[in-house]
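Take a look at the structure below.
Note that the coordinates shown come from a computational prediction; the quantities given were computed from them, not determined experimentally. All heavy atoms count here, side chains included; hydrogens, waters and symmetry mates do not.
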Amino acid sequence: MTESRKLLEGVKVVELATFIAAATTGRFLADLGADVVKIEQKNGDPLRYTAPSEGRPLDMHENTTWELENGNKRCLSIDTRTEEGKEILFKLLDEADILITNWRTKALVKSGLDYETLKERYPKLVYGICTGYGEYGPDKNLPGFDFTSFFARGGYLETLRQKSDVPMNVVPGVGDHNVGMNLAAGILAALYHAKMTGKGEKVETSLFETAIFNMGMMVQAAQYTDYGEKYPIDIRNSPNPFLACWKSKEGRFVQTCMPDYNTYFERFMTALGLTEFLGEEKDKYFPVQHLIENGLGPKLYDAIMERFETKTIAEWNEILVEADIPFALAKNWEELLEDEQAWANDCFRKMEYPSGERILVNQPVRYHEMGKTPYEKGPLIGEHTVEVLKELGYDDAKIKELIDSKIAYEWDK
């Protein structure tokens, strides 16, 4: 079968960004066939050095995080603070369809890379930017990571903890990936518009804005101050006890999700064998309005938890599947690596390294006609510097001069 054309083949992208969120966008576009050139300084993106915080060895040749965020890209390493370095950057932009950046507003304006400046020179350019807190307001220039702008400021940590406990532990990348995919969606819409009309667009999102959107249902509900429980809550006092995690006989947790309590009440109680709640006192527990009015949520929660502790995960799996109850075992990362469902849906692929074979995570979107996307390792610092400079018209002598004067850098093998 003839390999089909990549969906973004021929699209040129310049990525002027560090860490994860904006890089996620670039990786998504690169997987679709876009030529994504990542600009790095001499020492590279700080993300190259985060391995110890993630429980991995620090090795530039085996950096699974770098692959995840930067696979299928090329790297041009230049000093953009110099006039010649900036000239190289603008030559790239001369041919680019898209610019992706996560620089803060002040830095962009100072470098002449803000949207208002660039749109005069590149009217067809799609300009994608993601920040910590957005481009406006008193905190627009604060540094932002997903731990702070997304999880903390965005309402996760204070509301989703158990009322009597500290906030949950968070890990890097969760908010960033969410933001990066949102930015990618906006960029693709703007690219379509640019191709149709010849007019570019600025696409903006942030960790903070994305967190608020994600929390939208509950943020809106918070306006009804005289109704319901104010978060954080004790899960026993949840207005819907069917949205909880239950502890099995061997100490593992099963999450159930039945947003419409009334639809699932009889089915769930029957599956659990808690038929006493379906007898004469049923009206106290059903519908959910009666449960809340009678303050019986904690009693029902305790009964369900007690029942769950009498059976193993295997036993509950059979019972809940048979009853068609939405549930899932709370899995750890090691179990995910061996999850049959994940492998069946191409969540992973294998990559060879000097130390042996490793499993890498794929992008979460599939394409039927285009087929599987490639997965080239993320570029080393300056790995493609000479290649890209030649494409921009620089000859060997000039490239050597740029490298000798430390305006451009290539990977030191």
Could you grab the distance from atom [atom1] of [X] to atom [atom2] of [Y], nearest 0.5 Å is fine?
{"X": "Asn102", "Y": "Glu15", "atom1": "CG", "atom2": "CD", "answer": "8.5 Å"}
{"X": "Cys257", "Y": "Phe327", "atom1": "SG", "atom2": "CZ", "answer": "13.0 Å"}
{"X": "Arg104", "Y": "Lys110", "atom1": "CZ", "atom2": "NZ", "answer": "12.5 Å"}
{"X": "Met218", "Y": "Thr159", "atom1": "CE", "atom2": "OG1", "answer": "8.0 Å"}
{"X": "Leu16", "Y": "Ser111", "atom1": "CG", "atom2": "OG", "answer": "8.0 Å"}
{"X": "Ile100", "Y": "Leu29", "atom1": "CD1", "atom2": "CG", "answer": "5.0 Å"}

Is it the case that over 12 heavy atoms from other parts of the model lie below 6.0 angstrom from the [atom1] atom of [X]?
{"X": "Glu318", "atom1": "CD", "answer": "no"}
{"X": "Glu352", "atom1": "CD", "answer": "yes"}
{"X": "Lys124", "atom1": "NZ", "answer": "no"}

Could you check whether [Y] and [X], counting side-chain N and O atoms only, form a donor-acceptor pair closer than 3.5 Å?
{"X": "Thr64", "Y": "Arg358", "result": "no"}
{"X": "Asn63", "Y": "Arg56", "result": "yes"}
{"X": "Ser355", "Y": "Glu62", "result": "yes"}
{"X": "Thr80", "Y": "Gln41", "result": "yes"}
{"X": "Thr50", "Y": "Glu54", "result": "yes"}

Looking at side-chain heavy atoms only, is the closest gap between [X] and [Y] below 4.5 Å?
{"X": "Met215", "Y": "Leu160", "answer": "yes"}
{"X": "Leu108", "Y": "Tyr115", "answer": "no"}
{"X": "Met181", "Y": "Gln363", "answer": "yes"}
{"X": "Glu83", "Y": "Ile407", "answer": "no"}
{"X": "Lys406", "Y": "Thr82", "answer": "no"}
{"X": "Asn70", "Y": "Arg27", "answer": "no"}
{"X": "Glu204", "Y": "Thr131", "answer": "yes"}

Of all residues at least two apart in sequence or in a different chain, which pass the salt bridge (charged side-chain N to carboxylate O under 4.0 Å, His left out) check with [X]?
{"X": "Asp404", "answer": "Lys400"}
{"X": "Glu376", "answer": "none"}
{"X": "Glu335", "answer": "Arg252"}
{"X": "Arg366", "answer": "none"}

Test log, rule salt bridge (charged side-chain N to carboxylate O under 4.0 Å, His left out), inputs Asp35 and Arg74: CA-CA 8 Å; Asp35 179 16; Arg74 298 193 291 168; 2.8 Å; yes

At their closest point, which heavy atom of Gly180 faces which heavy atom of Thr25, and how far apart are they?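 Looking at all heavy atoms of both residues, the shortest contact is O-OG1, 2.7 Å.
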
Glu40/Lys73 under salt bridge (charged side-chain N to carboxylate O under 4.0 Å, His left out): CA gap, chis, key distance, verdict: CA-CA 12 Å; Glu40 289 189 90; Lys73 301 177 187 177; over 6 Å; no

Between Asn345 (side chain only) and Cys347 (backbone N and O only), is there a donor and an acceptor less than 3.5 Å apart? no

Exam field: side chain Asp45 to backbone Arg48, donor-acceptor pair closer than 3.5 Å: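 No.
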
Run the numbers on Lys6 and Asp31 for salt bridge (charged side-chain N to carboxylate O under 4.0 Å, His left out), then give the verdict. CA-CA 9 Å; Lys6 302 301 180 188; Asp31 274 26; over 6 Å; no

Show me the donor-acceptor pairs, under 3.5 Å and distance only, between side chains in residues 287-300 and residues at least two apart or in other chains.
from, atom 1, to, atom 2, distance (Å)
His290, ND1, Asp283, O, 2.8
His290, ND1, Phe286, O, 3.2
Asn294, ND2, Lys284, O, 3.1
Asn294, ND2, His290, O, 3.0
Lys299, NZ, Tyr285, OH, 3.4

For residues 349-394, pull every pair meeting ring-ring contact (aromatic ring centres under 6.0 Å, His included), keeping only residues two or more places apart or in separate chains.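 Applying ring-ring contact (aromatic ring centres under 6.0 Å, His included) to every pair that reaches into residues 349-394, excluding sequence neighbours, yields nothing.
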
Would you list the pairs meeting ring-ring contact (aromatic ring centres under 6.0 Å, His included) in which at least one residue belongs to residues 151-191, sequence neighbours left out? Phe150-Tyr156, Phe151-Tyr156

Tyr133 vs Phe208 aromatic rings, parallel, tilted or perpendicular, using cut-offs 30° and 60°? tilted

Residue list, side chain to side chain contact (heavy atoms under 4.5 Å, CB included) with Asn182, at least two apart or on another chain: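 Partners of Asn182 under the side chain to side chain contact (heavy atoms under 4.5 Å, CB included) test: Asn178, Thr210.
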
Those residues that, when tested against Thr312, pass side chain to side chain contact (heavy atoms under 4.5 Å, CB included) (two or more places apart):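 With sequence neighbours excluded, Thr312 shows a side chain to side chain contact (heavy atoms under 4.5 Å, CB included) to Lys249, Glu250, Ala314, Glu315, given in chain and number order.
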
Could you check whether Lys247 makes a cation-pi contact with Trp316, meaning its NZ or CZ is under 6.0 Å from the centre of the six-membered ring and within 45° of the ring axis? no

Can you list every pair that meets salt bridge (Lys or Arg N to Asp or Glu O under 4.0 Å) and has a residue in residues 221-237, with sequence neighbours left out?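 Sorted pair list: Arg236-Asp302.
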
Test ring-ring contact (aromatic ring centres under 6.0 Å, His included) applied to Trp246 - qualifying residues, sequence neighbours left out: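 Checked Trp246 against ring-ring contact (aromatic ring centres under 6.0 Å, His included); matches are Tyr301, Phe308.
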
Can you give the donor-acceptor pairs under 3.5 Å from side chains of residues 89-97 to other protein atoms, not counting sequence neighbours?
from, atom 1, to, atom 2, distance (Å)
Asp94, OD1, Tyr122, OH, 2.9
Asp97, OD1, Lys195, NZ, 3.0
Asp97, OD2, Lys12, N, 2.8

Salt bridge flag under 4.0 Å for residues Glu67 and Arg349: no

Proximity of Phe268 and Phe242 rings by center, below 6.0 Å: yes

